[in-house]
Q: 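Sharing a structure, written as structure tokens. Questions coming.
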Amino acid sequence: MNRSIKIYNTVSKEKEEFKPIVEGRVGMYVCGPTVYSDVHLGNCRSFISFDIIYRYLKYVGFKVRYVRNITDVGHLEGDADSGAEDKISKKARLEQLEPMEVAQKYANGFHDMMRTFNVLPPSIEPRATGHIPEQVNMVKKILDNGYAYEADGSVYFDTLKFAKETGLYGKLSGRVLDDLVAESRDNLKKQDQKRHPSDFAIWIKADDSHIMKWDSPWSLGFPGWHLECSAMSTKYLGDRFDIHGGGADLTFPHHENEIAQNFGACKSTPANYWLHGNMLLMNGRKMAKSDGNTITPEQLFTGDSPHVSKGYSPMVVRFFMLQSHYRSTLDLSDTALQAAEKGYQRLMEAYKNLTKLDEAKAPTPTDVDTKVNQTLDQAFNEMDDDFNTPKALARLFEVVPVINSLANGTISASEITADTLKRLKVVLSDFIFHIFGLKDETSGNDNTQTAVLEDVLELVLEIRQNARTNKDWTTSDLIRDKLTAAGVLVKDGKDGASWSIKNN
RNA sequence: GGUCGCGUGGCCGAGUGGUUAGGCAGAGGUCUGCAAAACCUUGUACAGCGGUUCGAAUCCGCUCGCGACCUCCA
């Protein structure tokens with residue numbers, strides 16, 4: 001590991017050189033999903049962004065402990081008229097299921113979707129319900145340290161005291177306490193129990209209708225809205241760790257409160273670098289079920305939605321997301337996805353062409369060598385600069401014409417050295433599959449079947465070639481047209497025909 | 001209302017004080033029996049108005065438009 005990586009830190013609002021607390025190791029915590037409904041496409045973008053960050057840090061040689069939680073308890077339903085209510089519990093009553101059954105169902109769905117998008121599993125995936133003692137303990141510590149107070153069985157974090165003593169509250173999200181006072185809604189639950197409007201609950205006394213509740217020194221209840229992340233990050237990564245990530249919408253209040261809680265319990269802020277992924281928009285607006293401006297991942301794959309003209313495969317969607325920077329909003333649209341699909345196919349096609357290249361005869365480095373090596377170096381430099389996937393991707397595309405030219409003879413094998421060709425193969429493969437986490441969807445999963453298919457197609461193309469030699473255009477065109485209809489693209493080149501499977 | 005961010009060519013989307021982003025689409029060419037694919041060449045740009053500067057799409061101000069957060073939310 002001798003690369004210098006720069007990361008944009010939300011706390012400082014600028015790019016900083018990444019220096020891990022322990023040389024060669026990275027502790028990274030990312031806020032995972034709340035499993036009370038199906039994963040939202042925007043969630044997927046966020047987890048894909050951090051997947052690439054995780055992959056890149058590992059790729060450059062760090063030993064990374066990546067913790068991504070599952071929240072299966074705790075969050076309040078803000079607009080519920082029956083008062084404080086746990087999301088999971090509410091859903092459970094509606095569906096007549098055990099709360100944990102609901103959580104498990106959606107957790108499974110979440111995992112399936114992550115696998116579909118080729119997102120690597122984290123090193124540790126702790127669940128909030130599995131860490132109630134840790135959370136109770138944290139509340140105790142915060143109370144002991146004087147940063148919280150109890151009121152009628154619930155415990156509240158004292159933001160005013162924390163802000164006055166440290167000046168830290170609001171720093172991450174750029175807020176000042178006076179604004180928070182002005183902003184606070186007067187219809188917040190249990191408002192009267194709080195000393196200050198911006199104080200927030202870290203333990204909530206449950207009413208009778210509440211299903212998920214645990215014993216604690218203060219009441220039979222459940223942990224506060226943001227406590228699980230503080231408790232679990234501390235347990236698995238320590239009081240201080242390197243990277244904390246999440247969606248931009250978590251900056252306030254979730255992460256702000258996490259910082260407060262961690263400080264309240266451990267007397268130190270938890271993470272050195274706070275990273276925030278930006279929102280996924282659709283047709284220029286935030287996705288929202290209320291106005292129909294939304295699409296599920298499944299609808300995107302199948303094309304069963306008025307927002308798309310056809311289905312797009314998971315890897316096309318992943319590629320689409322790679323084309324923008326994680327800190328920018330990304331606007332999903334049908335035309336943008338079509339463009340991404342073409343681009344994805346072009347990249348994968350070039351990679352396949354590359355794997356077939358084995359001739360490199362230049363004795364000494366040529367202009368082609370220089371161009372290729374510089375471009376590959378640049379691609380890594382782009383990733384070093386706050387994980388700039390769109391720029392790195394652009395560099396990869398600059399090398400595509402070189403590959404295709406070598407494949408079709410426009411550039412001869414004598415114009416590239418074996419060393420460069422080898423490096424090109426390794427680096428391109430690393431980037432596409434290991435760093436960007438793309439998969440080749442065109443090749444079958446079953447190796448035997450794939451091999452059979454390849455042999456059969458070779459035969460068919462040989463027959464067609466014979467027909468062409470005999471100027472039997474009827475037969476040759478028939479073969480080509482039927483194969484096209486079957487989804488196999490025939491590509492005539494100088495050294496005979498080759499084929500590839502078309503998506504859709 | 002408060003806080004923050006954005007506005008780039010037909011579309012998506014990077015980026016920077018003076019030098020090519022990239023993808024998709026378009027145009028011309030090479031190759032081909034025809035076509036496709038591939039390759040080569042290529043046009044269109046930085047919301048508007050002021051200011052700073054030798055020079056700004058890039059910095060500053062204002063205007064307009066859009067978005068996010070402030071409430072569970074990636």
Side-chain angles (χ1 to χ4, degrees), chain A residues 13 30-34 36-37 39-50 71 74-80 87 170 173-176 178-180 182-185 187-188 198 225 245-254 276-281 284-288 319-320 322-344 346-347 349-350 353 378 382 388-398 400-411 468 471-473 476-477 480-481 484 489-494 497-500:
Chain A
K13 299 208 181 347
V30 170
C31 292
T34 304
Y36 64 93
S37 66
V39 239
H40 178 78
L41 229 202
N43 284 230
C44 296
R45 146 118 122 142
S46 186
F47 296 130
I48 288 171
S49 296
F50 287 105
T71 293
H75 293 235
L76 284 170
E77 197 82 299
D79 54 358
K87 273 187 173 173
S173 57
R175 261 155 248 256
V176 289
D178 289 345
D179 294 336
L180 290 170
E183 284 165 18
S184 286
R185 305 283 169 94
N187 61 351
L188 284 176
S198 67
W225 323 345
D249 48 352
L250 294 179
T251 313
F252 188 89
H254 185 64
H276 294 278
N278 218 137
M279 301 293 104
L280 179 68
L281 309 177
R285 303 194 329 274
K286 186 187 180 181
M287 289 197 193
F319 178 93
F320 168 70
L322 286 169
Q323 284 184 302
S324 77
H325 187 87
Y326 76 91
R327 280 192 291 113
S328 299
T329 53
L330 173 61
D331 193 4
L332 186 95
S333 68
D334 193 51
T335 49
L337 284 164
Q338 280 180 20
E341 182 172 63
K342 290 267 181 63
Y344 166 72
R346 181 152 183 255
L347 182 66
E349 197 60 33
N353 289 337
Q378 280 169 10
E382 308 293 11
N388 199 321
T389 57
K391 285 186 96 178
L393 234 200
R395 298 290 87 75
L396 260 42
F397 269 104
E398 281 173 21
V400 165
V402 176
I403 293 168
N404 288 333
S405 296
L406 280 164
N408 68 20
T410 308
I411 297 177
R468 295 182 73 206
K471 296 199 191 300
D472 179 3
W473 309 127
S476 99
D477 288 354
R480 183 176 68 197
D481 294 345
T484 304
L489 185 66
V490 177
K491 296 179 290 190
D492 289 323
K494 280 202 175 106
S498 62
W499 58 274
S500 64

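Here is how names work: the chains are called A, B, and so on, in the same order as the sequence lines, proteins then strands, and each is numbered from 1.
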Q: For a quick check of understanding: with a heavy-atom distance under 4.0 Å over all strands, which category does A/V39 fall into, base, sugar-phosphate or nothing?
A: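 Answer is nothing: A/V39 stays at 4.0 Å or more from every strand.
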Q: Can you identify which nucleotide, out of B/G13, B/A14, B/A74, has its nearest atom closest to the A/N388 side chain?
A: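 Within the option list, the nearest is B/A14.
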Q: Check whether any side-chain heavy atom of A/L280 sits under 4.5 Å from a side-chain heavy atom of A/N43, and report yes or no.
A: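 Answer no - side chains too far apart.
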Q: Just compare B/A37, B/C39, B/C34 and give me whichever is closest to any side-chain atom of A/L489.
A: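 Between B/A37, B/C39, B/C34, the one nearest the side chain of A/L489 would be B/A37.
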Q: For B/C59 versus B/A68, give the span between their C1' atoms, rounded off to a whole number of Å.
A: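 Between the two C1' atoms, the distance is 25 Å.
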Q: Counting any heavy atom closer than 4.0 Å, what does A/D492 reach on the DNA or RNA strands: base, sugar-phosphate only, or nothing?
A: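 The answer is base, as A/D492 lies within the cut-off (heavy atoms under 4.0 Å) of a base atom.
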Q: Could you spell out the base pairing of RNA chain B in dot-bracket, with Watson-Crick or G-U pairs whose two distances are under 3.5 Å, [ ] crossing and | to another strand?
A: (((((((..(((.....[...))).(((((.......)))))....(((((..]....))))))))))))....
Q: Heavy atoms only, 4.0 Å cut-off, all strands: where does A/S328 land among base, sugar-phosphate and nothing?
A: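 Here A/S328 touches the backbone only, sparing every base.
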Q: For the side chain of A/T410, starting at C-beta, report the closest nucleotide among B/A14, B/C39, B/C72.
A: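 Comparing B/A14, B/C39, B/C72 against the side chain of A/T410, the answer is B/C39.
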Q: Would you please confirm or rule out a distance under 4.0 Å between OP1 or OP2 of B/A37 and any side-chain N or O of A/N404?
A: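 No, no such contact exists.
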Q: Would you give a per-nucleotide map of nucleotides 16-23 of chain B, 5' to 3', where B means the base has a protein non-hydrogen atom under 4.0 Å away, S means only the sugar-phosphate does, and - means neither?
A: -----BSB
Q: Check side chain to side chain donor-acceptor pair (under 3.5 Å) between A/S324 and all other residues, then give those that pass, not counting sequence neighbours.
A: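 So A/S324 forms a side chain to side chain donor-acceptor pair (under 3.5 Å) with A/R45.
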Q: Among B/A74, B/A35, B/C70, which nucleotide has an atom closest to any side-chain atom of A/R480?
A: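 Of the options given, the side chain of A/R480 lies nearest B/A35.
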Q: Consider the side chain of A/H40, meaning its heavy atoms from C-beta on, and name the nucleotide among B/G33, B/A74, B/C70 that approaches it most closely.
A: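 Nucleotide nearest to A/H40's side chain: B/A74.
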Q: Please tell me which of A/Y326 and A/N353 maps to the more 5' nucleotide of RNA chain B, matching each residue to the nucleotide holding its nearest heavy atom.
A: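 Final value for this comparison: A/Y326.
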Q: What I want to find out is whether A/E398 reaches A/R395 closely enough, with some N-O distance under 4.0 Å, to be called a salt bridge.
A: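 Yes, charged N to carboxylate O under 4.0 Å.
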Q: Between B/U20 and B/G2, how far apart are the C1' atoms? Round to whole Å, please.
A: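 Result for the C1' pair: 43 Å, nearest Å.
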Q: What nucleotide, of B/C73, B/G33, B/G13, holds the atom closest to the side chain of A/L330?
A: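 It is B/G13.
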Q: Using a 4.0 Å heavy-atom cut-off, does A/D477 contact any base of the nucleic acid, only the sugar-phosphate backbone, or nothing at all?
A: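 Base, at least one base heavy atom under 4.0 Å.
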Q: Would you indicate what A/H276 reaches in the nucleic acid, counting non-hydrogen atoms under 4.0 angstrom: base, sugar-phosphate, or nothing?
A: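 No contact at all - A/H276 keeps every heavy atom at 4.0 Å or more from the nucleic acid.
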Q: By ring pair (Phe, Tyr, Trp, His ring centres under 6.0 Å), which residues pair with A/F47, not counting sequence neighbours?
A: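 A/F47 satisfies ring pair (Phe, Tyr, Trp, His ring centres under 6.0 Å) with A/F110 once adjacent residues are dropped.
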Q: Which residues pass the side chain to side chain contact (heavy atoms under 4.5 Å, CB included) test with A/L322, not counting sequence neighbours?
A: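 Once residues adjacent in sequence are excluded, the partners of A/L322 under the side chain to side chain contact (heavy atoms under 4.5 Å, CB included) criterion are A/I52, A/T389, A/L393, A/F436, A/L438.
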Q: Choose from B/A74, B/C72, B/C39 the nucleotide whose nearest atom is closest to any side-chain atom of A/S46.
A: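 Selected nucleotide: B/A74.
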Q: Among all residues two or more places apart in sequence or in another chain, which pass the salt bridge (Lys or Arg N to Asp or Glu O under 4.0 Å) test with A/K342?
A: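 Counting only residues at least two positions away or on another chain, A/K342 forms no salt bridge (Lys or Arg N to Asp or Glu O under 4.0 Å).
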Q: Considering every strand and a 4.0 Å limit on heavy-atom distances, what is the contact class for A/G246: base, sugar-phosphate, or nothing?
A: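 Sugar-phosphate only.
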Q: Base, sugar-phosphate, or nothing: which does A/L347 touch, judged by heavy atoms less than 4.0 Å apart?
A: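 Nothing, no nucleic acid heavy atom in range.
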Q: Pick base, sugar-phosphate or nothing for A/L337, based on heavy-atom distances below 4.0 Å to the nucleic acid.
A: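 Counting heavy atoms under 4.0 Å across all strands, no contact is made by A/L337.
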